[in-house]
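Below is one structure, written out as structure tokens; comments come after it.
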Amino acid sequence: MDIENIKKQFEEDLEKANTKEDLASLKVKYQGKKSEIYIALRSLGDLEEGLRKSRGAELNKLRNNVGYSIRAKENAISETKREAKIDYTEPGRKFELGHTHPITQIYEELFEIGKSLGFSIAEGPEIETDWYSFEALNIPKNHPARDFADTFYISEEVNLRPHTSNVQIRYMENHKPPIRIIAYGRTYRKDSDVTHTPMFHQLEGLFVDDRVTFADLKGVLTAFAQGIFGKDRKVRFRPHHFPFTEPSAEVDVSCGLCGGKGCRSCKYSGWLEILGAGMVHPNVLKNSGIDPKKYQGFAFGMGIERIAMLKYEIDDLRLFYDNDLRFLEQF
Ligand code: PHE
């Protein structure tokens, strides 16, 4: 039997097949147990070796080609059927546009405020050494101040940074005053409840020059706080302690819900804590290669999730990381 003939016949038959039923009978005719191709393949064993090989190869090629062509035609037929069913009067499908995450939105607002005050943006590593996370920031080993953060350690010397203050040191090592940066990024602490996640975000500010005062710090932080929460909000500084700043302060913004009168949201104090700050400790300058006799500066650090929770009045921080669109789309 002539392979060329089978091939030609198949192509003609395929051309004429227009329905699924046509294709079904084509399958029987060319792929079934009684098909010429199948019979020819089975009788290959009767041939002498040379002929068996060449004919076997040709037949196999034809068989594959038949299978492929039938499947292609099947697809083409179901495609035309689907098109025929399109109802052009149906309402269109909504095209969902994504947008920035609320945490990113807060960052972008803070960057804008920072840039308007002359700060540029800096970054540093999340996997950090003991020196940059602690030691250089005036927190020696075995110092009780190490308790201030429950740090994830990779080894004794390497940790996941518990704050963005590492960027202060790294930046001062490589730049001369005047220095005016905001650093941002992920930070890590062993904390997990409604207001803490083990990974969270911070924004750090650093301003070093030869005439920087606490009054400058107050002015800058008032601009940040009012830029985020609104011009009508008041800002207050409370004495605090950080090893890397002296003097140090915690900064509160007046409660937006009660206007400072006191309500459940601010635990009846009228104030909400938003960040930590202070004048850079002379040891920190020294550790970064800057002469504390010539220069001084201020630094501040805030948790972005906390700012977002206060700004949007959200009481469960974990909502930010559940990826529930019903929540995220509200921003
Ligand atoms: N690093 C401090 C923290 O994580 C915040 C801070 C930064 C305080 C800079 C003062 C100055 O809590």
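All values reported here derive from a predicted model rather than from experimental measurement. Atoms within a ligand are numbered from 1 in the order they appear, just like the ligands themselves.
Atoms of ligand 1 found under 4.0 Å from any heavy atom of A299, numbered from 1 in the order shown, are 9 (C), 11 (C). Near G301, the atoms of ligand 1 lying under 4.0 angstrom from a non-hydrogen atom of the residue are 5 (C), 6 (C), 7 (C), 9 (C). Counting the atoms of ligand 1 from 1 in the order shown, those under 4.0 Å from a heavy atom of Q202 are 3 (C), 4 (O). Residue E204 has at least one heavy-atom neighbour below 4.0 Å for each of these atoms of ligand 1: 7 (C), 9 (C). Every atom of ligand 1 with a heavy atom of S165 under 4.0 Å away is listed here by number and element: 1 (N), 7 (C).
The closest approach between any non-hydrogen atom of M302 and ligand 1 is not below 4.0 Å. Under the 4.0 angstrom criterion for non-hydrogen atoms, R189 is in contact with ligand 1. Heavy atoms of F244 come nearer than 4.0 angstrom to ligand 1 in at least one pair.
Residue Q168 has no N or O atom closer than 3.5 Å to an N or O atom of ligand 1. Note: no N/O pair closer than 3.5 Å links T245 and ligand 1 by distance alone.
In this model, a donor atom of one side chain and an acceptor atom of the other lie less than 3.5 Å apart for T195 and D193.
Centroid-to-centroid, the aromatic rings of Y30 and Y38 stay 6.0 Å apart or farther. When ring centroids are compared, F200 and H163 stay outside the 6.0 Å threshold.
Salt-bridge annotation for E112 and K115: present, with a side-chain N of the basic residue lying under 4.0 Å from a carboxylate O of the acidic one. Contact check on K29 versus D13 returns a salt bridge, with a Lys/Arg side-chain nitrogen under 4.0 Å from an Asp/Glu carboxylate oxygen.
Using cut-offs of 30° and 60° on the angle between ring planes, the pair F320 and H101 is tilted. The aromatic rings of F111 and Y107 lie parallel to each other, their planes meeting at an angle below 30°, with 60° marking the opposite boundary.
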